[in-house]
Amino acid sequence: MLDIKLIRDQPDFVRQRLAARGAGDERLIDDLLKLDEQWRRQVSEVETLKAQRKRVSKEIGALMGQKKTEEAEARKRETSALGDRIAALDRGAAEAEAARNQLMLRLPNLPHATVPPGKEAADNPVIRVHGEKPSFAFPAKSHVELCEKLGLVDFERATKLSGSGFVLYTNWGAKLERALIQFMLDLHTSAHGYTEVSPPYMVGPQCLEGVGQFPKFADQYYGVQEGLDAGTLGKLYLIPTAETPVANIHREEILKESALPLRYCAYTPCFRGEAGAAGVGTRGMIRVHQFDKVELISIVKPENGYTEHEQMVAGAERVLQSLGLHYRVVLLCTGDMGFASAKTYDLEVWAPGQGSYLEVSSVSNCEDFQARRMNLRFKTEAGDNRFPHVLNGSGTALARLFVALVETCQQADGTLAVPAALQPYLKTERITT
RNA sequence: GGAGAGAUGGCUGAGUGGUUUAAAGCGCACGCCUGGAGAGCGUGAGUGGGCUUAUACCCCACCCUGGGUUCGAAUCCCAGUCUCUCCGCCA
């Protein structure tokens with residue numbers, strides 16, 4: 001959520017920054033200012049009346065105390081109409097405020113000044129490249145073929161269980177998935193200072209609203225119903241990312257300044273409806289309804305937001321480096337950023353069998369956008385309550401990492417050479433049938 | 001799922017319709033006192049919003065949430081949420 005005071009004081013600046021994102025949201029600013037103006041007018045009017053009512057009620061109380069019943073009754077009659085007027089004005093003000101807030105919740109974050117202008121993914125500049133594309137003395141196979149030959153994934157039976165977009169890891173595939181999760185958690189908690197948490201996989205709608213997934217993108221997530229009780233539908237949602245529960249851990253709290261920075265690391269499965277994405281990358285496991293991910297969340301003082309951001313990207317990169325994967329870091333342009341983000345880097349890992357880069361991490365500084373929605377604050381030494389910066393980054397997402405790893409590690413004989421970093425977890429140097 | 005109890009400020013806890021702002025205690029901050037500390041004394045301190053150059057003044061709202069009754073609600077009425085205890089079921 002943007003700061004209403006910023007919108008009031010610098011509407012042109014806000015319009016300009018929203019326009020840079022290219023979604024046309026800047027047109028909402030006029031409506032919003034109109035509603036805000038209306039709300040403020042009604043509030044100050046109703047508050048005057050409330051002050052009056054309060055005064056008279058006290059006088060009536062005093063008269064009653066002095067047994068001046070007749071006078072008290074007379075004052076009551078005079079004031080009886082006041083209540084109705086207040087109620088009517090209150091209702092009008094509440095409506096204007098609610099309408100204003102609905103608009104506020106639908107406005108995306110403003111891009112940071114260092115975000116390059118652009119319309120789409122093709123406009124994202126590559127910031128750096130790590131390593132080189134591996135070359136093979138044989139034709140590189142796709143992960144689909146490798147996984148089937150080595151029995152790592154059973155695509156057909158996954159479909160039998162849950163339809164398309166689901167993965168059944170089997171044997172070494174399941175072990176590899178688990179090894180990757182544990183390797184990443186260990187790396188972030190021991191080397192990067194994150195505290196491991198294991199959150200609920202179902203959350204209330206307020207958590208989705210808090211991070212900016214609701215209300216605008218409500219059609220992309222799975223709502224849960226308890227048994228046959230349709231009345232419970234919509235009370236809980238399957239998390240689309242660990243960001244949803246973890247960033248909300250301290251919602252509605254006022255943290256001590258000394259508690260910051262807070263750094264959390266969590267493994268969770270992620271559930272995504274991917275509505276409208278049918279047919280796009282559905283082959284194999286590039287785009288699925290359920291995947292595993294290790295997520296990083298930082299809550300920091302605003303002045304430290306962007307150094308934390310760089311540090312978080314470096315932490316996610318370390319995962320790919322340790323696994324010997326070739327990747328590049330991309331800075332998302334204004335038109336390609338997520339709703340809540342002010343600045344985002346994507347990590348794209350090379351998948352030889354696909355002949356393309358796969359997005360395995362997205363690291364964003366949402367500045368105070370989410371903190372405002374969650375009403376998460378910290379109290380400074382001086383006693384002021386301020387909104388912290390909230391950052392999230394994948395560290396990293398599986399399924400796609402699995403794909404890139406399998407395709408990168410393939411050998412001429414169709415087996416996989418396990419990277420040194422994973423050997424302690426898998427207790428083998430080679431994955432064969 | 002059944003039965004009961006409860007939800008008040010950072011914490012404990014009083015308050016069942018009014019006459020000044022939610023008593024009191026603990027904890028907290030500052031000051032006085034002291035060589036220093038403690039005790040003691042004094043002062044202050046919540047959150048959001050409106051009005052403002054202003055974190056000043058003034059005003060409004062907030063005693064779990066949402067409705068209602070009333071001139072007036074922490075207090076009365078209705079609905080809901082959550083927590084705790086016991087029972088049942090259960091990994």
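It should be emphasised that the depicted structure is a prediction, and the values quoted were computed from it without experimental measurement. Letters A, B, ... mirror the listed sequences (proteins, then strands); counts begin at 1.
Among the protein residues, A/S57 comes within range of the nucleic acid bases, having at least one heavy atom under 4.0 Å from a base atom. Residue A/K256 is classed as having no contact, given no heavy-atom separation below 4.0 Å to the nucleic acid. Contacts of A/N385 with the nucleic acid, taken as non-hydrogen atoms under 4.0 Å apart, involve only primed sugar atoms and P, OP1 or OP2. No contact: A/K58 has no heavy atom under 4.0 Å from any strand. Using a 4.0 Å heavy-atom cutoff across all strands shown, A/R55 reaches no nucleic acid atom at all. Heavy atoms of A/R53 sit under 4.0 angstrom from primed sugar atoms or phosphate atoms, though from no base atom.
Separation of atoms OH (A/Y169) and CZ (A/R178) is listed at 14.0 Å; rounding is to 0.5 Å. Atom OG of A/S341 and atom CG of A/N392 lie 7.5 Å apart (nearest 0.5 Å).
Nucleotide B/G6 forms a Watson-Crick or G-U wobble pair with B/C82, both donor-acceptor distances falling under 3.5 Å. B/A37 is unpaired under the Watson-Crick or G-U wobble criterion, no partner having all donor-acceptor distances under 3.5 Å. B/U19 makes up no base pair with any nucleotide shown, lacking Watson-Crick or G-U wobble contacts both under 3.5 Å. Across all strands shown, B/U43 forms a Watson-Crick or G-U wobble pair with B/A29, both key distances being under 3.5 Å. When Watson-Crick and G-U wobble pairs are counted only if both distances are under 3.5 Å, B/A56 pairs with no nucleotide at all.
With the nearest nucleotide of RNA chain B identified for both A/T79 and A/W39, A/W39 has the one nearer the 5' end. Of the two residues contacting RNA chain B, namely A/R100 and A/K76, the nearest-nucleotide position lying further toward the 5' end is that of A/R100.
A/K343 and A/S364 are not linked by any side-chain donor-acceptor pair at a separation below 3.5 angstrom, with hydrogens and angles left out of the test. Donor-acceptor pairing under 3.5 Å is lacking for the side chains of A/K149 and A/T433. A donor atom on one side chain and an acceptor atom on the other are not found under 3.5 Å apart for A/H389 and A/Y306. A/Y345 and A/E310 form a side-chain donor-acceptor contact under 3.5 Å, judged by distance and modelled atom types alone.
Contacts between residues 40-47 of chain A and RNA chain B, defined by a heavy-atom separation under 4.0 Å, are made by A/R40, A/S44, A/E47.
Contacts classified as side-chain hydrogen bond (donor to acceptor under 3.5 Å, both in side chains) and involving residues 180-195 of chain A (residues at least two apart or in different chains) are given here: A/D186-A/Y425, A/H188-A/H192, A/H192-A/R318.
The existence of a salt bridge linking A/E308 and A/R263 is confirmed by a sub-4.0 Å separation between a basic side-chain nitrogen and an acidic carboxylate oxygen. With respect to the salt-bridge test (charged N to carboxylate O, under 4.0 angstrom), the residues A/R377 and A/E253 do not qualify.
Rounded to whole Å, the separation between the P atoms of B/G67 and B/G13 comes to 30 Å. Nucleotides B/A73 and B/U19 place their C1' atoms 16 Å apart, quoted to the nearest Å. Spacing of P atoms, B/C30 relative to B/U83, comes out at 38 Å, to the nearest Å. For B/G44 and B/C58, the P atoms lie 14 Å apart once the distance is rounded to whole Å. The gap from the C1' atom of B/G38 to that of B/A22 amounts to 32 Å, rounded to the nearest Å. Nucleotides B/G25 and B/U20 are separated by 22 Å at their P atoms, to the nearest Å. Rounded to whole Å, the C1' atom of B/C62 lies 31 Å from the corresponding atom of B/G4. Taking the P atom of each, B/C60 and B/C51 are spaced 15 Å apart, rounded to whole Å.
Within 6.0 Å of CD on A/E156 lie no more than 12 heavy atoms contributed by other residues, nucleotides or ligands.
Nucleotides of RNA chain B that come within less than 4.0 Å of any heavy atom of chain A span, from the 5' end to the 3' end, B/G18 to B/G72.
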A/I7 and A/L107: CA distance, side-chain angles, deciding distance, side-chain contact (heavy atoms from CB on, under 4.5 Å) verdict: CA-CA 11 Å; A/I7 299 174; A/L107 284 182; 4.3 Å; yes
